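As the structure is a computational prediction, the values presented were derived from the model and not from experiment.
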Amino acid sequence: QEKTTTLETFDAVECLSLWYDAERGASHALHVDDLWLWGERILGISLQSPSVFTFFEPINEICVRVRLPRRSAYLINGKVRVDWQHGILAEDIS
């Protein structure tokens with residue numbers, strides 16, 4: 001099995017745990033995380049339930065929705081990290 005070199009120099013500086021409760025109308029609005037705080041890569045895991053990650057590129061108004069199965073991992077880096085907004089919409093929380 002091949003290993004990626006993308007995380008070789010990755011040092012986590014902060015860990016954030018979010019719980020999205022559909023009954024409370026939880027969501028995570030589209031945004032771009034600060035580079036100075038979060039660094040060049042965003043690494044996350046989806047534990048509780050499946051969801052959908054929405055990516056939006058505002059200049060060309062492109063929207064891409066990515067399924068996040070329960071217990072999946074994701075990595076946001078490169079142009080998507082800085083040029084695209086990302087979030088979890090209320091309608092995608094179960």
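- More than 12 heavy atoms of other residues, nucleotides or ligands shown are found within 6.0 angstrom of CD on E91.
- At least one donor-acceptor pair closer than 3.5 Å links the side chain of R70 to the backbone N or O of Q48.
- Grouping the Ile, Leu, Val, Met, Phe, Trp and Tyr side chains by contacts below 4.5 angstrom, directly or via other members, places V80 with L68.
- Proximity of V82 to E40: side-chain heavy atoms (C-beta onward) are nowhere separated by under 4.5 Å.
- Within the 4.5 Å cutoff, the side chain of F55 has heavy atoms near those of the V66 side chain.
- Annotation: side chain of W84 is not in contact with side chain of I76 (no heavy-atom distance under 4.5 Å).
- Under the 4.5 Å side-chain criterion, counting only non-hydrogen atoms from C-beta, P58 is in contact with Q85.
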Q: Evaluate side-chain contact (heavy atoms from CB on, under 4.5 Å) for L43 paired with Y74, printing each intermediate quantity in order.
A: CA-CA 6 Å; L43 176 65; Y74 58 87; over 6 Å; no
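- Judged purely by distance below 3.5 Å, without hydrogens or angles, the side chains of R65 and T54 pair a donor atom with an acceptor atom.
- Of the possible polar contacts, none joining the R81 side chain to the L75 backbone as a donor-acceptor pair under 3.5 Å is found.
- Taking the six-membered ring for Trp and thresholds of 30 and 60 degrees, H86 and F53 have ring planes more than 60 degrees apart, a perpendicular arrangement.
- Counted within 6.0 Å of CD1 on I59, heavy atoms from surrounding residues, nucleotides or ligands total 12 or fewer; the atom is thus considered open.
- Nearest heavy atoms, S51 versus D92: OG-O, 3.1 Å.
- Counting only heavy atoms from C-beta outward, the side chains of I88 and I93 approach each other to under 4.5 Å.
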